[in-house]
2 protein chains.
Amino acid sequence: MPKAYEEIADDIRRSIRERLRKPGDRLPSEAALAEHYGRSVPTVQNALRLLSEEGLIDKQHGRGNFVRRPRTLAVRDNGRHQWEKNRARAPEAIRAETGATEHDTGLRLDDLVFYAKYREFEAPDELADAFGVPVGTTLLKRTYRTRYAAETAPFNLVTSYLVRDMIAANPDLLDETKEPWPGGTQHQLYTVGIEVDRVEERFTARPPTPEEAKALDLPAGTSVIVLRKTSYDIEGRVVDVSVVTLPGDRTELLFTTSLERW
Amino acid sequence: MPKAYEEIADDIRRSIRERLRKPGDRLPSEAALAEHYGRSVPTVQNALRLLSEEGLIDKQHGRGNFVRRPRTLAVRDNGRHQWEKNRARAPEAIRAETGATEHDTGLRLDDLVFYAKYREFEAPDELADAFGVPVGTTLLKRTYRTRYAAETAPFNLVTSYLVRDMIAANPDLLDETKEPWPGGTQHQLYTVGIEVDRVEERFTARPPTPEEAKALDLPAGTSVIVLRKTSYDIEGRVVDVSVVTLPGDRTELLFTTSLERW
DNA sequence: GAGTGGTCTAGACCACTGT
DNA sequence: CAGTGGTCTAGACCACTCC
C-alpha cells in the first residue's frame with residue numbers, strides 16, 4: 001500500500017518541479033490540503049516536513065508554507081590564497097583595501113560585519129599532532145564570524161589555531177582588539193617572518209548541528225560544509241590550522257588545478 | 001513552555017555526546033522511552049526523528065534505534081588530476097594498474113564495480129554555453145557509477161559530457177562497452193590529441209533528493225556534495241564537463257594549493 | 001509469534017502572524 | 001481577532017526483523 005504522506009509529497013513536489021508552483025508562492029493551508037487529499041492534518045504535515053527537509057519549501061509558523069527561492073551564492077575560490085599572499089607584503093594602504101573575504105564575495109569591508117575572539121589554551125592531542133608540537137604547547141585559538149551588514153545571519157564560522165610561541169614576537173598578534181587585521185592571516189604571519197608555502201583544505205558535508213543551525217540561521221533542509229585548512233610554511237612546518245563552517249545553501253567552492261605541460 | 005520532544009532529544013543527544021551511549025548501541029524501544037519520559041509514543045518518535053536528521057542515530061524498522069557509527073571516508077584529492085595526466089601517455093600495462101578512483105580509495109580495480117552508459121544528444125542552452133559551442137551540437141553524455149564490490153551502495157554518481165566531434169576520430173571513445181577505460185578520461189582525450197591543461201571544480205552541499213538518497217543508499221540525516229568539474233585543454237577549450245554527486249557521509253575532498261615563493 | 005518501529009486518525013490546545 | 005502552523009495524545013493497525 002502506498003504511503004499517504006509520500007503520495008501527497010510526491011504530488012506537491014511534482015507541482016514545484018513543473019513550476020506550477022513558483023518560488024515564493026504560498027501553498028494552501030494545511031487544513032485545506034488535508035481536505036483536498038482526504039487525509040488528516042498531521043498526515044499532510046508529515047508530507048510537508050519531507051519537502052522542507054529536501055529544501056523545497058519553507059515552513060513559516062503562523063504565515064504559511066512557501067516554495068523556497070534558491071539563495072545567492074558566495075563563491076570561495078582557492079585563488080584567494082595566492083591573492084592573499086601577494087598582498088601580505090604590500091603597504092597597509094593597499095592591504096586595507098580589501099581582505100580575502102571581500103575577495104570572495106565582491107563586497108567591500110564596509111558591507112561586512114566582523115567579530116573575533118581570542119583565547120589561549122594548551123594543545124590537546126589532535127591539534128598537537130597536526131602542528132607537530134608536544135601536547136600542552138600553548139596555542140592561540142581565534143574564533144571569527146563574518147556576515148553581510150544587510151543580513152542577520154553570518155555566512156561563516158571560523159576557528160583558527162596558531163602556536164603562540166611562533167607568533168609572540170609581535171604582541172599585536174595576541175590582541176583580539178586589533179581585528180580585523182588588514183591583509184589577513186598571511187600578513188600576520190609575515191610580520192613574524194613566516195612565509196606560507198602551501199595550503200591544504202579538506203571538506204566534508206553533513207547536516208548542521210542545532211547550534212550551527214542557530215548561529216548560521218539555517219532553514220531546515222540545508223547542509224553545512226566543514227572545511228579543515230592547514231597552512232604550511234616554506235620549511236614544511238604547520239603554521240595555521242583552521243576549521244571553517246559554511247552554510248551549504250549559500251556557498252560555492254571553486255578550485256582550479258593547473259597541470260604540468262607535456 | 002519547553003517542547004517535550006526537544007527535551008527528550010536534548011537528553012538523548014547529551015547521552016550520546018558524553019558517550020554514555022556508544023556507537024552501535026541500541027536505544028530502549030520507543031514504547032519504553034515513552035514510558036520513561038511520561039510522553040506518548042509519537043512524541044518520542046518526533047524526538048528520535050530529530051536525532052536521525054542530525055545523523056546521530058540510525059532508525060531501523062523492526063530492529064531498533066542505534067547510535068550511528070562514523071563512516072570511513074574516501075578521500076578525493078585534487079592531486080588526482082596531475083596523477084591521471086602523468087599516466088595518460090603511459091603504456092597500457094601501466095595504465096591498467098589503477099585508475100583515478102582507485103587512487104582515491106586505495107583499492108584495486110578488482111574491488112570496484114563499475115557501470116557506464118553512453119548516450120548522444122543535442123546540447124541544451126546551459127551545456128552549449130559551458131562548452132562554447134552552438135546550441136544543438138551533438139554531445140556524448142556518459143553516466144557512471146562505481147561502488148565497492150563489498151558494499152551495495154555506490155559511492156559516486158557521475159555524468160560526464162564531451163563534444164562528439166571532438167573525440168569522433170577514435171570510434172572506441174563512442175562505445176560504452178569499452179569501459180572502464182584504463183587511464184581514465186585524460187587518456188581517452190589523449191588518443192584524439194587533446195592535452196588537458198587545467199581543471200576547475202565547483203561544489204556545493206545540500207540534502208539529497210529522494211532519487212539520490214535511493215541510488216547512494218543514504219541514511220536520513222546525510223548530505224550530498226555536488227561537484228561540477230570543467231576541464232580545459234592547452235588551447236583554452238572546454239573539453240569535458242562532469243557533474244559528480246558524492247555522499248557527504250563517506251567523502252572527504254582534499255585540495256592542495258601551492259603558492260609562489262617570495 | 002513476539003517485539004520493534006512506521007503510519008494514521010480525530011481532535012484538543014498552543015504559538016505565531018497579520019489585520 | 002481570525003487564520004495559520006506546531007505540538008501532543010491515545011490508540012488502532014501495519015510492516016519489518018528475528019527467533
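So you know, we letter chains A, B, ... as the sequences are listed, proteins then strands, and number each from 1. Keep in mind that the numbers below use all heavy atoms, side chains included, and drop hydrogens, waters and symmetry copies.
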Rounding to an integer number of Å, can you tell me how far [X] [atom1] sits from [N] [atom2]?
| X | N | atom1 | atom2 | value |
| --- | --- | --- | --- | --- |
| A:Q45 | C:dC8 | CD | P | 13 Å |
| A:L48 | C:dC8 | CG | P | 13 Å |
| A:E35 | C:dA10 | CD | C1' | 14 Å |
| B:Y5 | C:dA15 | OH | P | 13 Å |
| A:N46 | D:dG6 | CG | C1' | 13 Å |
| B:L33 | D:dC8 | CG | C1' | 17 Å |
| B:R26 | D:dC18 | CZ | P | 11 Å |
| A:K3 | C:dG5 | NZ | P | 16 Å |

Touch class at under 4.0 angstrom, heavy-atom based, for B:N65 against every strand present: sugar-phosphate

Donor-acceptor contact present, side-chain [X] to main-chain [Y], <3.5 Å:
| X | Y | value |
| --- | --- | --- |
| A:E84 | A:T185 | yes |
| B:N78 | B:T256 | yes |
| B:S52 | B:L48 | no |

Between N or O atoms, less than 3.5 Å apart, protein on one side and nucleotides 16-19 of chain C on the other: list the pairs.
unit_1	atom_1	unit_2	atom_2	d
C:dG18	OP1	A:R63	NH1	3.1

Side-chain N,O (A:R39) to OP1/OP2 (C:dT9) below 4.0 Å: yes

Kindly point out which of [options] is positioned nearest to the side chain of [X]?
| X | options | result |
| --- | --- | --- |
| A:K59 | D:dG6, D:dC8, C:dC8 | D:dG6 |
| A:S40 | D:dT4, C:dT9, C:dT7 | C:dT9 |
| B:E30 | D:dG5, D:dC8, C:dG5 | C:dG5 |

B:R80/B:D77 salt bridge by N-O under 4.0 Å criterion: no

Residues forming a side-chain hydrogen bond (donor to acceptor under 3.5 Å, both in side chains) with A:D175, sequence neighbours excluded: A:T177

Nearest-nucleotide 5' precedence on DNA chain C, B:P28 against B:P42: B:P28

Audit row: B:D10, B:R13, salt bridge (Lys or Arg N to Asp or Glu O under 4.0 Å) steps and yes/no: CA-CA 5 Å; B:D10 285 347; B:R13 192 185 295 113; 2.7 Å; yes

Cationic tip of A:R142 above A:Y144 ring, under 6.0 Å, 45° of axis: no

